[in-house]
Amino acid sequence: MDRYAVIGNPIEHSKSPEIHTAFARQTGEDIEYIRLLGNPDDFNGDVRRFLAEGGQGLNVTVPFKETAWRLADELSSKAHTAGAVNTLTRLENNRLRGDNTDGVGLVRDLTVNQGFRLEGKRILMLGAGGAVRGVMRPLLEQNPKRIVIANRTASKAYSLANGLLEYGQVAGCGFDELDGMQFDLIINGTAAGLKGEVPKIPGSILANGGWCYDMLYSDQATPFQEWGNERRAGRSLDGLGMLVEQAAESFRLWRDVLPETTPVIAQLRNARN
Ligand code: ATR
């Protein structure tokens, strides 16, 4: 049986084992998938030990995505440009390939599961950390009209936008520069929700019927989802679908079969209710 794991810190609330176990059952793949609590001072050691015990691949979550990017012996183009790795695959001679499936996961959840067409839309991305960097290029490749990246620390938004200038439709700013703008979709990629907070943005920037999407997921509605509901967003979604979609893409990279995500998303939603 091939062994896989998700490594992060903290890790006890990760849904990845449940998701991958459901994928394995559905596709008839014989795998085991566990949680690994990573040591912030010895991530590389933790990974090497797992491989030495027969591990075939790892999902990588907070706070190790940049460390995994540095550790990988080779990178997919998506991972290379994202500067972050969420999927490690063992190759011959214990070499490691790094991929990033977060952007594919977000785009598939929005477009396939929720039916939101990104092309031509005005999008606001909140945050400029690793989570946002990982999804920017796949979003831009959907040809939105424009993506504004807004961050509490404006300088980080400017520099992230500067690195994406070849796309032509990206700008960075601080929250206080958003007044007067209008967006069809606001995506929250900040960590504010982990502290029960919402980024301090003006409510008036959500276009009539515009959508809100929180890349976070928790057992209750997230603070940003509530922000969207209070402002009558067309839809106000959490990141559960993205979580399952990025997992499906990792599973495909490892096992060469793309699982069906709809029943797994439903299973996790039901477990929550
Ligand atoms: P990650 O890899 O999860 O993105 P990170 O690199 O630490 O983590 O980035 C966290 C993001 O959440 C940043 O954009 C951060 O804003 P700053 O760059 O100004 O620190 C944002 N963030 C965290 N707490 C926030 C809060 N309470 N309000 C608004 N933004 C917040």
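These numbers come from a predicted model, not from an experiment. Note that ligands are numbered from 1 as they come in the structure, with each ligand's atoms numbered from 1 the same way. Index from 1, following the sequence.
Under a 4.0 Å N-O distance rule, the pair R108/E249 qualifies as a salt bridge. Between D176 and R152 there is no salt bridge, since no side-chain nitrogen of the basic residue lies less than 4.0 Å from a carboxylate oxygen of the acidic one.
Compare A157, G193, A192 by their heavy atoms: the one nearest to atom 28 (N) of ligand 1 is in A192. The option from K65, M125, K195, K156 that lies nearest to atom 18 (O) of ligand 1, judged by heavy atoms, is K156. Taking all heavy atoms of R133, E66, R152 into account, the minimum distance to atom 29 (C) of ligand 1 is reached by R152.
Each of the following atoms of ligand 1 lies closer than 4.0 Å to a heavy atom of E197: 26 (C), 27 (N). Those atoms of ligand 1 with a heavy atom of T190 less than 4.0 angstrom away are 12 (O), 21 (C), 22 (N), 30 (N), 31 (C). Listed by number with element, the atoms of ligand 1 under 4.0 Å from a non-hydrogen atom of G127 are 14 (O). Every atom of ligand 1 with a heavy atom of G129 under 4.0 Å away is listed here by number and element: 4 (O), 6 (O), 9 (O), 14 (O).
When only modelled atom types and interatomic distance are considered, S76 and D99 share a side-chain donor-acceptor pair under 3.5 Å. Checking N59 against S250 by side-chain atom types alone, a donor-acceptor pair falls below 3.5 Å. Using a 3.5 Å distance cut-off with no hydrogens or angles, the side chains of D102 and N86 do pair a donor with an acceptor. Between the side chains of W211 and S236, not a single donor N or O lies within less than 3.5 Å of an accepting N or O. For N151 and Y158, the side-chain atoms include no donor-acceptor pair closer than 3.5 Å. Using a 3.5 Å distance cut-off with no hydrogens or angles, the side chains of N100 and H80 do not pair a donor with an acceptor.
Within the 4.0 Å cut-off (strictly below), no protein heavy atom is located near atom 7 (O) of ligand 1.
The distance criterion of under 3.5 Å between nitrogen or oxygen atoms is not met by F175 with respect to ligand 1. Residue A128 has at least one N or O atom closer than 3.5 Å to an N or O atom of ligand 1. On a distance-only criterion, V198 and ligand 1 share no N/O pair closer than 3.5 Å.
Protein heavy atom closest to atom 17 (P) of ligand 1, with residue, atom name and distance, is T153 OG1, 3.4 Å. At the shortest separation from atom 2 (O) of ligand 1 among protein heavy atoms lies G130 N, 3.3 Å. Distance from atom 3 (O) of ligand 1 to its nearest protein heavy atom, with residue and atom name: A131 CB, 4.0 Å. Protein heavy atom in closest approach to atom 12 (O) of ligand 1: A191 N, 2.9 Å.
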Exercise for the section: Please lay out, stage by stage, how R122 and Q182 fare under the test side chain to side chain donor-acceptor pair (under 3.5 Å). Expected result: CA-CA 7 Å; R122 300 162 296 176; Q182 287 274 287; 5.2 Å; no
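Heavy-atom distances between N151 and ligand 1 reach below 4.0 Å in at least one pair.
Under the 3.5 Å distance criterion, the side-chain polar atoms of D73 are matched with a main-chain donor or acceptor of L96.
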